[in-house]
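So the structure is just underneath, and the comments pick up after that.
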Amino acid sequence: MKISSKMIQLFLYSLALLLSLAKTDPPPLQDFCIADTASPSLFYNNGVPCLNPNSAVSSHFVTSALAKPGKTSGNIFGFNATLTNTKNLPGVNTMGLTMARIDITANGIVPPHTHPRASEVTICLKGALLVGFVDTLGRLFTQQLRPGDSFVFPKGLIHFLYNMDSSKPALALSGLSSQNPGLQMTSMATFASKPPIPDEVLKKAFQITSQDISIIRKNLGG
Ligand SMILES: *[C@@H]1O[C@H](CO)[C@@H](O)[C@H](O)[C@H]1NC(C)=O
C-alpha cells in the first residue's frame, strides 16, 4: 500500500488531537500522597504535602463527608454541594478526583456555573433533574434525569442542574476529574464580584440599565 500525503495528514491530525486531549491533574509518582494537613507547609506546591508513607492507615482513605444532606435552607438557589477534599479525605491528595453530593430543594437549582479544572459526571439518585451545559458554539445540550441516569459535563463549560419536582428534594452524586475542580458561578462572578464590575461594562454587556443591575445585585445578595 502506498502512503499518500492524505494519510500522513490524517496521521498528523490524529496525533495533534490525541496530544490536545483534556488532561486531568498531573499523575502521582507514588502509590499515594496522603495529605499532611496538620504540619504547615514551608513552600507552596501543586497540591498538599505528603505524610510519610509509613504512617499510612486505612482511615486516611475513608470519609463520611457525603453521608448527610447539606443544609439547603439558607441558600437562595436551594442547593448545597458537599465535597470530598484533602481535609476530609486525606488519601485523595494527588489522585485527581473529587466526589460531590448535591442536595437540591423542591424546584431548587444549581445555577449555571463552571469548573475550570474538571469534567464532571453526575448520577441522579433521587428526584427529577433537568441538567444541561452550553458548548463554546453556544449550543445547549440538555436532558431530564431520573434516578439511575447519569450525565457528563465537559471540563470548563457552563452547566446547571434544576430540580423539576415542586414538592420533593433531589439528590445527585458527582465525580470530578480534579482534586481541586474550582467553581465559578456565572451570575455571582458577573454581578456579585468584589469589587463589582463597573456598571458601564455590565450595561453594555447585557444591554440593561443601572436600575436592572442594582436589582440583580440585590437579588443575588451582592
Ligand atoms: C451546606 O451544608 C452544610 C452542612 O449542613 C452547612 O454547614 C453549610 O453552611 C451549607 N452551605 C450553604 C452554602 O448553605
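Positions are given from 1 along the sequence. Order of appearance sets the numbers: ligands from 1, and atoms from 1 within every ligand.
- Contact record, H159 with L157: ND1-O, 3.0 Å, taken as the closest heavy-atom pair.
- For the pair K71 and ligand 1, the shortest N or O to N or O distance falls below 3.5 Å.
- For atom 13 (C) of ligand 1, the nearest protein heavy atom (residue, atom name, distance) is N75 ND2, 4.1 Å.
- Within ligand 1, counting atoms from 1 as listed, the ones closer than 4.0 Å to a heavy atom of N80 are 1 (C), 2 (O), 3 (C), 8 (C), 10 (C), 11 (N), 12 (C), 14 (O).
- At distances below 3.5 Å, at least one donor-acceptor pair connects side-chain atoms of T186 with backbone N or O atoms of P112.
- More than 12 non-hydrogen atoms from other residues, nucleotides or ligands lie less than 6.0 angstrom from NZ of K203.
- Atom 9 (O) of ligand 1 is not flagged as protein-proximal [any protein heavy atom, distance under 4.0 Å].
- By the 30° and 60° cut-offs, the orientation of the rings of F133 relative to F153 is perpendicular.
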